Amino acid sequence: MKLTELIKTTRKFFSIEISPPLKFKSINTIFKAVERLLVYHPAFVNITYHPLKITKIKLENSPLDYIQQKHVHPLGLCAAIKYKYNVDVVPHFVCAGLNKVQAENNLSDFSFLGFENILALRGDPAAANAEFTPADGGYEYAYQLVEQISAMRKAVFMNNIDAHAQIDFCVGVAGYPEKHFQATSLEQDIKHLKQKVDAGADYIITQICYDMNHFAQWVDAIRKVGINIPIIPGIKPLTSVNQLLTLKNTYNIYIPPELEKLIYDSDARGCAYEVGIEHSIKMSQHLLDAGFAGLHYFLMGGGKDIEDVVKMLFNTP
Ligand code: FAD
């Protein structure tokens with residue numbers, strides 16, 4: 001089902017987001033995490049997408065460089081979860097590293113496998129502090145990918161194998177309540193978000209945000225510029241100092257000082273997990289009370305933290 005339809009028919013929902021593992025791991029670890037949370041009826045399951053990391057490997061007697069992929073490709077994982085569990089899966093689709101023709105090919109594979117939704121993203125620069133470099137013939141910004149997906153809705157393709165084909169994804173985009181780390185200002189970032197919406201985005205999933213005042217101000221600001229599509233707040237329970245450091249340093253997430261202190265103090269007392277879960281339940285309830293139809297939980301690890309939050313707020317098994 002298209003997410004926009006699903007959002008209309010489901011009063012309060014939650015969704016989860018899972019990352020494909022590194023290559024050479026087993027899919028069973030992912031199945032276990034999904035099964036743990038499926039009991040609570042998530043409305044949909046997002047699967048993230050790791051852009052190709054170009055590690056060039058020279059083979060003996062070959063003039064070519066080969067590209068190595070660190071993570072499992074999400075296409076198979078998305079299909080496995082969708083058809084094994086009969087649940088709506090939202091594949092993330094990142095245009096970094098792809099040209100337009102490759103993007104079209106890959107998107108048509110997702111459509112072929114029955115996916116009706118896609119989250120359209122640009123992807124990060126290849127190295128921290130570097131500028132983003134698009135692939136030759138690829139896109140610099142996510143709005144251009146959204147334009148391509150919108151054109152597919154009108155059966156405009158580069159590959160005209162079937163002139164009558166039409167691929168009609170319901171398309172989501174990322175939003176950053178505390179601004180994207182590369183944006184020069186929050187106002188500019190909101191303008192760029194509007195560009196994605198004008199290009200055809202149907203809904204927004206937000207970056208993790210722990211400051212509810214910032215979040216509310218951002219929602220007001222984007223509504224003021226005419227962004228009226230559904231917003232699904234992104235949430236990650238913060239349950240240890242290590243996690244806090246990863247979120248800050250790897251994902252550029254702002255942690256308010258009072259929350260940082262709470263996690264450091266409780267970590268020292270050996271109860272950061274319990275304190276973090278309680279904080280996440282309160283924050284989730286606050287967002288539901290503020291009128292958001294659903295919440296999107298980022299899974300890192302086996303999903304016990306998310307289970308401990310959603311079982312207090314959503315359908316019990
Ligand atoms: P864009 O919307 O293109 O924005 C990127 C930057 O460019 C911003 O600073 C924006 O302000 C600026 N910008 C946009 N348009 C213009 C313009 N016209 N002129 C000038 N500047 C402009 N990454 C992955 O690799 N895989 C994933 O699966 C993944 N899932 C994600 C899920 C969510 C919910 C979120 C919030 C992020 C996710 N990301 C993922 C991270 C995302 O790829 C990075 O944050 C990336 O750096 C930006 O992607 P974007 O789609 O927001 O890009």
Side-chain angles (χ1 to χ4, degrees), residues 3 14-21 44-54 69-75 77-78 89-98 103 106 110 115 117-135 138-149 171-210 215 218 221-222 225 227 230-236 247 250-254 294-300:
L3 232 84
F14 79 97
S15 52
I16 55 171
E17 177 168 323
I18 293 177
S19 278
F44 49 94
V45 177
N46 281 40
I47 306 290
T48 66
Y49 187 108
H50 295 275
L52 284 176
K53 272 247 165 5
I54 314 285
Q69 173 70 307
K70 251 171 82 181
H71 293 85
V72 167
H73 194 279
L75 182 66
L77 181 60
C78 288
V89 169
V90 181
H92 290 196
F93 193 87
V94 170
C95 58
L98 299 178
N106 294 358
F110 278 107
F115 296 99
N117 300 288
I118 208 98
L119 189 75
L121 300 144
R122 185 199 69 179
D124 283 327
N129 305 322
E131 286 295 307
F132 178 80
T133 312
Y139 296 128
E140 197 164 356
Y141 300 113
Y143 83 88
Q144 296 161 310
L145 174 63
V146 178
E147 282 176 347
Q148 180 172 13
I149 297 170
V171 51
V173 290
Y176 301 86
E178 280 156 334
K179 126 178 156 54
H180 182 259
F181 69 98
Q182 290 181 303
T184 47
S185 68
L186 188 60
E187 289 70 31
Q188 282 301 314
D189 206 31
I190 291 175
K191 260 191 193 160
H192 300 145
L193 178 60
K194 176 79 163 59
Q195 207 172 8
K196 293 194 273 194
V197 176
D198 292 343
D202 295 303
Y203 64 95
I204 297 164
I205 300 188
T206 76
Q207 182 57 287
I208 302 161
C209 173
Y210 293 104
F215 195 88
W218 176 78
I222 72 166
V225 299
I227 298 177
I231 301 166
I232 308 173
I235 298 185
K236 168 80 192 89
L247 289 176
T250 311
Y251 296 100
N252 297 296
I253 309 284
Y254 170 71
L295 306 175
H296 184 73
Y297 291 90
F298 296 89
L299 194 125
M300 294 174 186

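We count ligands from 1, going down the list as the structure has it; atoms in each ligand are counted the same way. What you see is a predicted model; the values in this text were computed from it and never measured.
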Peer 1: Consider every N or O of G123 and every N or O of ligand 1, then say whether any pair is closer than 3.5 Å.
Peer 2: yes
Peer 1: Looking only at distances, please establish whether an N/O atom of ligand 1 is found under 3.5 Å from an N/O atom of H92.
Peer 2: yes
Peer 1: What residue and atom, counting heavy atoms only, is the protein's closest point to atom 29 (C) of ligand 1, and at what distance?
Peer 2: L121 CD1, 3.5 Å
Peer 1: How close does the nearest protein non-hydrogen atom get to atom 20 (C) of ligand 1, and which residue and atom is it?
Peer 2: Y141 OH, 3.3 Å
Peer 1: When only distance counts, is T48 in polar contact with ligand 1, meaning an N/O pair under 3.5 Å?
Peer 2: no
Peer 1: Please list, chain by chain and in numerical order, all residues satisfying ring pair (Phe, Tyr, Trp, His ring centres under 6.0 Å) with Y210, sequence neighbours excluded.
Peer 2: none
Peer 1: Does ligand 1 have an atom under 4.0 Å from some heavy atom of Y176?
Peer 2: yes
Peer 1: Only heavy atoms of Q207, strictly under 4.0 Å: list the atoms of ligand 1 that pass.
Peer 2: 36 (C)
Peer 1: Please check if any side-chain donor atom of Q195 sits under 3.5 Å from a side-chain acceptor atom of Y141, or the reverse.
Peer 2: no
Peer 1: How about H296 and S15: does a side-chain donor come under 3.5 Å of a side-chain acceptor?
Peer 2: yes
Peer 1: Would you say the side chain of Q207 lies within less than 4.5 Å of the side chain of I253, judging by non-hydrogen atoms?
Peer 2: yes
Peer 1: Would you indicate whether the side-chain heavy atoms of L98 and F93 approach each other to under 4.5 Å?
Peer 2: yes
Peer 1: Is there a polar contact, in the sense of an N or O pair closer than 3.5 Å, between K196 and ligand 1?
Peer 2: yes
Peer 1: In terms of atom number and element, which parts of ligand 1 are under 4.0 angstrom from non-hydrogen atoms of A183?
Peer 2: 9 (O), 11 (O)
Peer 1: Tell me whether H50 has any N or O atom under 3.5 angstrom from an N or O of ligand 1.
Peer 2: no
Peer 1: So, regarding D189 and ligand 1 (criterion: nitrogen or oxygen to nitrogen or oxygen, under 3.5 Å), is there a contact or not?
Peer 2: yes
Peer 1: Just distances here: any N/O of A142 and N/O of ligand 1 closer than 3.5 Å?
Peer 2: yes
Peer 1: Heavy-atom pairs closer than 4.0 Å: do any link ligand 1 to the side chain of Q195, the backbone, both, or neither?
Peer 2: side chain
Peer 1: Please indicate whether any nitrogen or oxygen in E17 is less than 3.5 Å from any nitrogen or oxygen in ligand 1.
Peer 2: no
Peer 1: For residues 179-198, pull every pair meeting ring-ring contact (aromatic ring centres under 6.0 Å, His included), keeping only residues two or more places apart or in separate chains.
Peer 2: Y176-H180
Peer 1: Kindly check if the number of other-residue, nucleotide or ligand heavy atoms within 6.0 Å of CZ (F132) is above 12?
Peer 2: yes
Peer 1: Would you say Q182 has any N or O atom under 3.5 Å from an N or O of ligand 1, going by distance alone?
Peer 2: no
Peer 1: Give the atoms of ligand 1, by number and element, whose distance to some non-hydrogen atom of I205 is under 4.0 Å.
Peer 2: 34 (C)
Peer 1: V225 versus L193: any side-chain heavy-atom pair under 4.5 Å?
Peer 2: no
Peer 1: Got the closest protein heavy atom to atom 47 (O) of ligand 1, with its distance?
Peer 2: D124 OD1, 2.6 Å
Peer 1: Can you sort out which atoms of ligand 1 are near P51, meaning under 4.0 Å from one of its heavy atoms?
Peer 2: 25 (O)
Peer 1: Indicate whether atom 4 (O) of ligand 1 is within a distance of less than 4.0 angstrom of some protein heavy atom.
Peer 2: no
Peer 1: T206 side chain to G175 main-chain N or O, any donor-acceptor pair under 3.5 Å?
Peer 2: no
Peer 1: Is there a polar contact, in the sense of an N or O pair closer than 3.5 Å, between H180 and ligand 1?
Peer 2: yes
